[in-house]
Amino acid sequence: MTDKKLTTNKGIPVSNDQASITTGEDSSYTLLQDVQLIEKLAHFDRERIPERVVHAKGAGAHGYFEVTNDLSKYTRAKFLSEVGKKTEIFSRMSTVGGERGSADAKRDPRGFAVKFYTEEGNYDLVGNNIPIFFIRDAIKFPDFIHTQKRHPSNNLADANMFWDFLSLTPESIHQATFLFTDRGTPQNYRHMDGFSSHTYMWYNEKEEYVWVKYHFKTAQGNRTLTNDESIRMCGENPDHATEDLYNAIENGDYPQWDVYVQIMTNDEAKEYKFDPFDVTKVWYHGDYPLIPLGKMVLNKNPENYFAEVEQSAFAPSNFVPGVGPSPDRLLQGRLFTYEDTQRHRLGPNHHQIPINRAKNAEINNYQRDGPMNIGDNGGSGPNYYPNSQDGPIPDISFKPPAIELQAVIDKHTRPVEDVDFVQVGEFWRRVLNDTDKEHLVNNIVGHLGNAQERIQYRQTSLFYKAEPEYGTRVGEGLELDIGKIKTLSEMSQEERVEATKK
Ligand code: NDP
């Protein structure tokens, strides 16, 4: 028997939590003076916060990151300074398009976010289980997500808008292909890799910088569901991946990822055969091998899902000294939008919520007030800078490197080029085995088959442009005219769009 006494939210003892104050025993009126009842109902009415506009359904766990290889000559980040150094982390994995109650097994990229509680403040890596993305300019992001969600009129998922957008956005073909392999339906969150996807900057004490991509390789091995298995799982257990992660950790079977980086110098970046900042492309392993960096282990479940997982706020703009952004256009947009969505979802003081608070660094600045301010709000210290009252001063011991730039300011539309199809062709020819190809083709046919025929032609001709065998097999599956697909594939995108208008 507990000796903990029930109270209201104000700490006032509660004498009875099973009955409201009423005017009599039967069929009686409830009185407004039952302030305990009012508090309870009013709080319940406000239990839901806005769900994330993307990545609404997810699971999370605590753990640590440990350095296994000293790469400190490239970065001054203290959490990467020496072999054996451990940093507390919190990781959240998720689906992208579904709502908070949606099924974990749906075909979708998976979010892979990690918050490192370093001694220099919180560092967030907010990536996916796929190393590339559908679009390379953030201005397309809201449109892209609309097409992955529900139709504005009937509130249903819609194959026409899904494939209409992708076929009008051919740089998406690499990621669209990944998504329709079985890696688009990972067996759970433990058996999948994670990628920064974007290129980031690392800089050292001498302000020398390199470009890096992070790879988190699952030590459990990549395992996937087939399309049929994923559809069945969506019905049988919509929470299967959430449950799997929780149970594994509860049973002491702690999932681990081996963390690697690819490193490119700035001179190499100018010469590389692909734009190294284009998030629709990878850096080939043969050109930039994976260099070991560390390992990530998840070993503690959250005690309270809402407090720790739902309220966790990740933003790729949270850098520590030694790490910075790159000119990846999608990243540049995400630097704004992730922090902004947290301000909307959790408020401007979301950094004060325990899961988001810097655990191993002090927070000293002149920002004050705002909704939900639960800290000491700077106490009696000065709220302006500069001041002569011993307020915090900038740390001049570090400075991100200065980048030289010659700029032409414009809306630079990047046309879709032949180079956008090269890596998909390589993926088909060099990476996928016969079974992978068969599943990929069948998975696409099953989904694209629900779109209008003109859209099927437009999209299939893009597959054909990447690799004729790929386009032919999808075309055969859809019972399309292969000659027409070939002709469309040889057109410019403008001509192709014109030819498939109606
Ligand atoms: P490699 O030939 O050296 O390695 C192939 C990569 O593909 C491995 O990372 C492998 O991951 C991954 N892979 C294998 N099967 C699948 C699948 N069904 N779906 C998604 N990924 C899969 O790669 P290269 O660097 O030479 O690049 C060749 C092509 O491989 C690229 O054009 C790109 O499409 C793809 N790729 C490249 C990656 C990169 O970062 N360079 C990463 C992933 C794919 P694993 O080792 O876990 O099996």
Side-chain angles (χ1 to χ4, degrees), residues 107-110 112 125 127-134 136 170-200 211-227 229-230 255-264 268-269 272-293 295-296 326 328 417-444 462-463 465-467 469-470 473-474:
R107 181 172 308 283
D108 208 2
R110 302 294 189 267
F112 194 103
L125 258 177
N128 280 330
N129 70 326
I130 294 179
I132 47 178
F133 202 64
F134 297 92
R136 55 183 166 223
E171 69 265 32
S172 63
I173 189 172
H174 199 188
Q175 164 92 326
T177 300
F178 269 60
L179 181 63
F180 280 86
T181 69
D182 287 346
R183 297 245 176 140
T185 47
Q187 194 178 87
N188 51 53
Y189 292 135
R190 291 182 301 130
H191 292 93
M192 65 180 201
D193 294 336
F195 299 90
S196 63
S197 307
H198 299 296
T199 299
Y200 288 97
W211 304 111
V212 297
K213 278 182 182 290
Y214 297 82
H215 299 247
F216 290 65
K217 304 292 283 182
T218 169
Q220 293 70 239
N222 266 296
R223 284 196 209 153
T224 55
L225 301 173
T226 63
N227 199 48
E229 286 168 343
S230 93
Q256 180 178 317
W257 283 261
D258 297 313
V259 185
Y260 299 84
V261 280
Q262 288 176 295
I263 299 181
M264 188 185 283
E268 288 168 338
Y272 195 45
K273 54 194 168 213
F274 304 106
D275 173 356
F277 309 112
D278 175 353
V279 73
T280 68
K281 311 280 186 305
V282 297
W283 303 353
Y284 286 147
H285 293 129
D287 298 335
Y288 293 94
L290 297 186
I291 304 169
L293 174 65
K295 65 174 182 179
M296 173 175 112
S326 78
D328 173 332
E417 299 158 330
D418 288 351
V419 73
D420 290 319
F421 296 84
V422 170
Q423 295 196 351
V424 191
E426 292 295 318
F427 186 53
W428 175 273
R429 288 185 293 273
R430 276 206 282 124
V431 178
L432 300 179
N433 63 29
D434 289 347
T435 311
D436 293 335
K437 287 177 185 171
E438 190 191 318
H439 289 194
L440 169 62
V441 168
N442 290 342
N443 295 343
I444 291 173
L462 298 178
F463 296 137
K465 189 169 164 63
E467 164 57 52
E469 188 198 348
Y470 181 18
R473 286 177 58 176
V474 174

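Read the numbers this way: they start at 1 and go in the same order the structure lists the ligands and their atoms. Positions are given from 1, in the same order as the sequence printed here. FYI, side chains are in, hydrogens and waters are out, and symmetry mates aren't considered; it's all heavy atoms of this structure.
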Novice: Quick one: does H174 get within less than 4.0 Å of ligand 1, heavy atoms only?
Specialist: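 H174: in contact with ligand 1 (<4.0 Å).
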Novice: When rounded to the nearest 0.5 angstrom, what distance separates CG in D420 from CD in E171?
Specialist: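 Going from the CG atom of D420 to the CD atom of E171 covers 6.5 Å.
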Novice: So F112 and W257, would you call those rings parallel, tilted or perpendicular, with 30° and 60° as cut-offs?
Specialist: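 Ring orientation of F112 relative to W257: perpendicular.
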Novice: State if G286 counts as touching ligand 1 under the rule of any non-hydrogen atom under 4.0 Å.
Specialist: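 No; G286 lies far enough from ligand 1 that no heavy-atom distance drops under 4.0 Å.
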Novice: Nearest to atom 41 (N) of ligand 1, what protein heavy atom do you find, and at what distance?
Specialist: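 Sorting protein heavy atoms by distance from atom 41 (N) of ligand 1 puts W283 O, 2.9 Å first.
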Novice: A quick test of your reading: do over 12 heavy atoms of other residues, nucleotides or ligands sit less than 6.0 Å from CG of N433?
Specialist: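 It does: N433 CG has more than 12 such atoms within range.
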Novice: Among all protein heavy atoms, pick the one closest to atom 35 (C) of ligand 1 and tell me residue, atom and distance.
Specialist: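 It is F427 CD1, 3.6 Å.
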Novice: Have a look at ligand 1 and work out which part of F178, if any, has a heavy atom under 4.0 Å from it: side chain, backbone, both or neither.
Specialist: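 Answer for F178: side chain.
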Novice: Looking at non-hydrogen atoms alone, which of L179, V282, V431, L440 comes nearest to atom 37 (C) of ligand 1?
Specialist: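 Minimum heavy-atom distance to atom 37 (C) of ligand 1 goes to V282.
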Novice: Please write down residue, atom name and distance for the protein heavy atom closest to atom 32 (O) of ligand 1.
Specialist: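 Heavy-atom neighbour on the protein nearest atom 32 (O) of ligand 1: Q423 O, 3.0 Å.
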Novice: What are the atoms of ligand 1, with element, lying closer than 4.0 Å to any heavy atom of H215?
Specialist: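 Going through ligand 1 atom by atom, the ones under 4.0 Å from H215 are 40 (O).
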Novice: How long is the span from the CZ atom in R183 to the CG atom in N129, to the nearest 0.5 Å?
Specialist: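 One gets 9.5 Å once the value is rounded to the nearest 0.5 Å.
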Novice: Which atoms from ligand 1 have a heavy atom of N222 less than 4.0 Å away?
Specialist: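 Under 4.0 Å from N222, ligand 1 has these atoms: 47 (O).
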Novice: Minimum heavy-atom separation for K465 to D418, with atom names?
Specialist: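 Smallest interatomic distance, heavy atoms only, reads NZ-OD1, 2.9 Å.
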Novice: Within the 4.0 Å heavy-atom shell around P131, which atoms of ligand 1 are there?
Specialist: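 In order of numbering, the contacting atoms are 42 (C), 43 (C).
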Novice: Side chain, backbone, both or neither: which applies to L432 and ligand 1 if a contact is any heavy-atom pair less than 4.0 Å apart?
Specialist: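 The answer is the side chain of L432.
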Novice: Have a look at F178 and tell me which of L440, I173, I130, V424 forms a side-chain contact (heavy atoms from CB on, under 4.5 Å) with it.
Specialist: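 Among L440, I173, I130, V424, the one that satisfies the side-chain contact (heavy atoms from CB on, under 4.5 Å) with F178 is I130.
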Novice: First locate atom CZ of F427, then atom CD1 of I132, and finally report the distance between them rounded to the nearest 0.5 Å.
Specialist: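 One finds 7.5 Å between CZ of F427 and CD1 of I132.
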Novice: I'd like to check whether E426 has a polar contact with ligand 1, where a contact means an N/O of the residue lying under 3.5 Å from an N/O of the ligand.
Specialist: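 No, E426 has no N/O under 3.5 Å of an N/O on ligand 1.
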Novice: What's the shortest heavy-atom distance between K213 and S197, and which atoms?
Specialist: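 In terms of heavy atoms, the two residues are closest at NZ-O, 2.8 Å.
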Novice: Between H191 and N188, is a side chain to side chain donor-acceptor pair (under 3.5 Å) present by the stated rule, with each step listed?
Specialist: CA-CA 6 Å; H191 292 93; N188 51 53; 3.0 Å; yes
Novice: Between NZ of K437 and CD of E467, what distance do you get to the nearest 0.5 Å?
Specialist: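 Result: 7.5 Å between the selected atoms.
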Novice: To check your reading of the model: name the closest protein heavy atom to atom 27 (O) of ligand 1, its residue, and the distance in Å.
Specialist: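 Checking every protein heavy atom, the shortest distance to atom 27 (O) of ligand 1 gives Y284 CD2, 3.3 Å.
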Novice: Give the numbers and elements of all ligand 1 atoms closer than 4.0 Å to a heavy atom of D193.
Specialist: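 Taking each heavy atom of D193 in turn, ligand 1 has 47 (O) under 4.0 Å.
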Novice: Which is it for V424 and ligand 1 at heavy atoms under 4.0 Å: side chain, backbone, both or neither?
Specialist: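 Under 4.0 Å from ligand 1, V424 contributes no heavy atoms.
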Novice: Judged on heavy-atom distance to atom 9 (O) of ligand 1, which of H285, R429, K281 sits nearest?
Specialist: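 When every heavy atom of H285, R429, K281 is considered, H285 comes closest to atom 9 (O) of ligand 1.
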Novice: Report yes if some N/O of D436 lies less than 3.5 Å from some N/O of ligand 1; otherwise report no.
Specialist: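 By distance alone, the answer is no.
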Novice: Does R183 approach ligand 1 within less than 4.0 angstrom via side chain, backbone, both or neither, non-hydrogen atoms only?
Specialist: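 Under 4.0 Å from ligand 1, R183 contributes side-chain atoms alone.
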Novice: Could you work out, with ring pair (Phe, Tyr, Trp, His ring centres under 6.0 Å) as the rule, every residue matching F421, not counting sequence neighbours?
Specialist: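 Result, ring pair (Phe, Tyr, Trp, His ring centres under 6.0 Å) vs F421: none returned.
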Novice: Between R136 and D275, does at least one N-O distance fall below 4.0 Å, as a salt bridge requires?
Specialist: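 No, R136 and D275 are not salt-bridged.
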Novice: Under 3.5 Å between any N/O of Q262 and any N/O of ligand 1: does that happen in this structure?
Specialist: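 Checking ligand 1 against Q262, no N or O pair falls under 3.5 Å apart.
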Novice: Out of K217, H439, R430, whose heavy atom is nearest to atom 2 (O) of ligand 1?
Specialist: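 Considering heavy atoms of K217, H439, R430, the nearest to atom 2 (O) of ligand 1 sits in R430.
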Novice: Quick check for you: to the nearest 0.5 Å, what is the distance between F274 atom CZ and T280 atom OG1?
Specialist: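 Here the interatomic distance stands at 10.0 Å.
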Novice: Taking the non-hydrogen atoms of K213, is any one of them nearer than 4.0 angstrom to ligand 1?
Specialist: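 Checking ligand 1 against K213, which is what was asked, there is no heavy-atom contact under 4.0 Å.
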